[in-house]
There are 2 protein chains.
Amino acid sequence: MEQTSVSTARSPTRTAEILDVLRTDILETRLQPGTRLRFDELRRSYDAGISPLREALMHLASEGLVVSEERRGYRVAPVSEDDLREIAKLRGEFDALAIAESIRRGDELWEGRVIAAFHALQKRSKIGPDGEIDREWEGHHIRFHDALVSECGMPKLMGFRTILDLQARRYRRIAVHYLTAPRDDLAEHRAIRDAVLDRDITESGRLIRAHFMRTVDIILTRQLG
Amino acid sequence: MEQTSVSTARSPTRTAEILDVLRTDILETRLQPGTRLRFDELRRSYDAGISPLREALMHLASEGLVVSEERRGYRVAPVSEDDLREIAKLRGEFDALAIAESIRRGDELWEGRVIAAFHALQKRSKIGPDGEIDREWEGHHIRFHDALVSECGMPKLMGFRTILDLQARRYRRIAVHYLTAPRDDLAEHRAIRDAVLDRDITESGRLIRAHFMRTVDIILTRQLG
DNA sequence: AAGTCAATTATTTTGGAAAATATATCCGGA
DNA sequence: TCCGGATATATTTTCCAAAATAATTGACTT
């Protein structure tokens with residue numbers, strides 16, 4: 001499906017490889033928030049030269065997953081309540097905006113994609129047999145939300161959105177147990193789909209904002225209360 | 001005013017220096033949109049090693065001022081009507097959002113800063129004696145808009161906003177002559193100030209969106225019509 | 001003890017050469 | 001002429017060692 005291109009199986013650059021594995025390690029919190037990332041150590045652990053490491057770290061900094069101080073190296077970005085709250089707020093606002101544009105510009109084909117993505121999501125249950133969030137479900141979930149915004153025609157906004165998605169993923173991992181809290185995801189998603197198909201910008205914005213905020217509220221109230 | 005720190009006059013890293021001069025060259029369009037940026041040439045023109053050049057380019061890529069293709073090097077980001085339109089749209093939306101939050105959270109001190117910034121802006125005229133946009137005015141203009149959003153408490157949003165500001169600055173340079181077109185900036189800014197001081201979120205959002213959109217409309221209709 | 005300064009060690013930053021890859025040129029065959 | 005592929009050239013990517021800077025230690029003074 002993706003690309004099994006017969007001819008040129010383009011080898012990624014070392015930088016791209018390292019970027020990927022480093023990002024995963026941060027998102028899965030194998031590298032804890034705040035950890036210093038020294039080149040010497042990284043060189044050993046990831047078996048890489050300094051240049052691609054530097055470049056990968058720099059890229060991660062632009063995604064907000066690491067922070068750097070001039071001449072003092074890099075650290076895994078810290079986490080905080082306020083940070084999580086802002087991420088959720090902005091995800092709501094950005095998606096509300098992108099959905100509004102998609103409603104204005106999207107045709108029946110787009111509607112079809114939304115319907116199909118919801119259908120696929122609906123068929124799977126969120127929690128797998130092991131009690132963890134189901135990997136497949138997670139994929140469908142992402143694709144449903146992507147479908148909603150897919151006709152907004154704002155590539156820069158989509159770039160910002162991707163960055164926030166990444167950052168949110170890390171918190172999701174940190175708070176994974178709270179995320180299995182009882183919550184009627186399916187009803188929320190169906191309501192969003194219906195508002196979108198009704199081409200109701202105000203309502204879909206309200207729902208998508210609430211959708212993102214609910215997640216963070218659940219995490220934070222559980223962790224504090 | 002800035003920092004004339006007596007003790008440690010921290011020398012910036014070579015990367016930071018190069019980043020600065022490269023960014024300026026792009027913003028002032030001494031490096032035209034689309035231009036390929038080869039390391040050999042850059043090495044000569046900017047008298048720098050490859051490592052800091054690479055890092056600077058990477059950073060500029062994260063700001064959207066250059067684009068890179070794996071193993072094919074970097075180019076100055078191209079410009080387009082759609083690109084400009086999206087920048088203007090997002091600047092309107094982001095600032096509307098940030099102003100809304102500032103209105104909710106800001107105190108009298110914030111109001112004072114807004115009033116002061118408007119006052120300073122008002123005293124200067126936009127077009128200098130040479131017929132170009134006045135440098136001083138431009139500084140006050142930026143500070144007025146910064147004051148409006150300064151209490152939003154959303155650092156990530158401010159980061160995104162900074163990136164869009166940079167990108168917009170390049171278009172402003174490209175279209176500099178059209179920007180001196182007759183337009184009652186002062187009245188627009190006063191209206192925004194008043195809506196903010198009335199703590200009217202809806203109205204301030206409407207005005208700030210229109211403010212950004214008007215600029216792009218002027219540029220585009222002139223260039224096409 | 002607390003503070004200063006120098007010496008030592010740890011770490012980041014930089015330049016450039018080597019390796020890997022992409023692009024351009026050239027040549028022969030349909 | 002146009003295509004395919006081989007060769008040559010141009011360019012990016014990577015490694016690594018040297019330089020620059022920051023952090024730590026310890027001796028000395030008050």
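Throughout, a chain's letter reflects where its sequence line sits, starting with A, and its residues are numbered from 1.
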Check your understanding: Checking all strands, does B:Glu70 fall into the base, sugar-phosphate, or nothing category for heavy-atom contacts under 4.0 angstrom?
Key -> sugar-phosphate

Study note, to complete from the structure: Of D:dT13, D:dT11, C:dT14, the nucleotide closest to the side chain of B:Thr15 is C:dT14

Point to revise | B:Arg43 side-chain proximity, nearest of D:dT14, D:dT13, C:dG16 | key: C:dG16

Review point. Where the side chain of B:Ile50 is defined as all heavy atoms beyond and including C-beta, which of D:dT13, C:dT14, D:dC15 is the nearest nucleotide?
Key: D:dT13

Check your understanding: Could you give the CD-to-C1' distance, from A:Glu55 to C:dT14, as a whole number of Å?
Key -> 14 Å

Check your understanding: Could you state the CZ-P distance from B:Phe39 to C:dT21, rounded to the nearest angstrom?
Key -> 17 Å

Review point. Counting any heavy atom closer than 4.0 Å, what does A:Thr13 reach on the DNA or RNA strands: base, sugar-phosphate only, or nothing?
Key: sugar-phosphate

Practice item. Describe, in one word, how the ring planes of B:His145 and B:His141 are oriented to each other, choosing from parallel (under 30°), tilted (30 to 60°) and perpendicular (over 60°). Key: perpendicular

**Study point:** Spacing between B:Glu41 atom CD and D:dT11 atom P, to the nearest angstrom
**Key:** 7 Å

Practice item. Taking only the side-chain nitrogens and oxygens of B:Arg38, find out if one of them lies under 4.0 Å from OP1 or OP2 of D:dT11. Key: yes

Check your understanding: Does the ring center of B:Phe212 lie less than 6.0 Å from the ring center of B:Phe94?
Key -> no

Check your understanding: Does a donor on one side chain sit under 3.5 Å from an acceptor on the other, for A:Thr29 and A:Arg170?
Key -> no

Practice item. Ignoring hydrogens and angles, state whether a donor on the side chain of B:Ser150 or B:Arg113 is under 3.5 Å from an acceptor on the partner side chain. Key: yes

Point to revise | Ring centre gap for B:Phe144 and B:His189 strictly below 6.0 Å | key: yes

Practice item. For B:Leu37, report the nucleic acid contact type (base, sugar-phosphate, nothing); a contact means any heavy atom under 4.0 Å. Key: sugar-phosphate

Review point. Of the nucleotides D:dT21, C:dT21, C:dT13, which one has an atom closest to the side chain of A:Ser11?
Key: C:dT21

Check your understanding: What is the distance from CZ of A:Arg54 to P of C:dT11, rounded to the nearest Å?
Key -> 15 Å

Practice item. Identify whether any heavy atom of B:Arg72 sits under 4.0 Å from a base atom; if not, whether one sits that close to sugar-phosphate; answer base, sugar-phosphate or nothing. Key: sugar-phosphate

Revision key, fill the gap. Residue pair B:Arg36/B:Ser51 against DNA chain C: nearer the 5' end by closest nucleotide is B:Ser51

Study note, to complete from the structure: Rounded to whole Å, CE of B:Met58 lies from P of D:dT12 at a distance of 15 Å

Review point. Between atom CG in B:Asp40 and atom P in C:dA22, what is the gap in whole Å?
Key: 18 Å

Practice item. Specify the separation, in whole Å, of atom OH of A:Tyr74 and atom C1' of C:dA10. Key: 18 Å

Check your understanding: A:Arg14 CZ to C:dA20 P: how many Å, rounded?
Key -> 13 Å

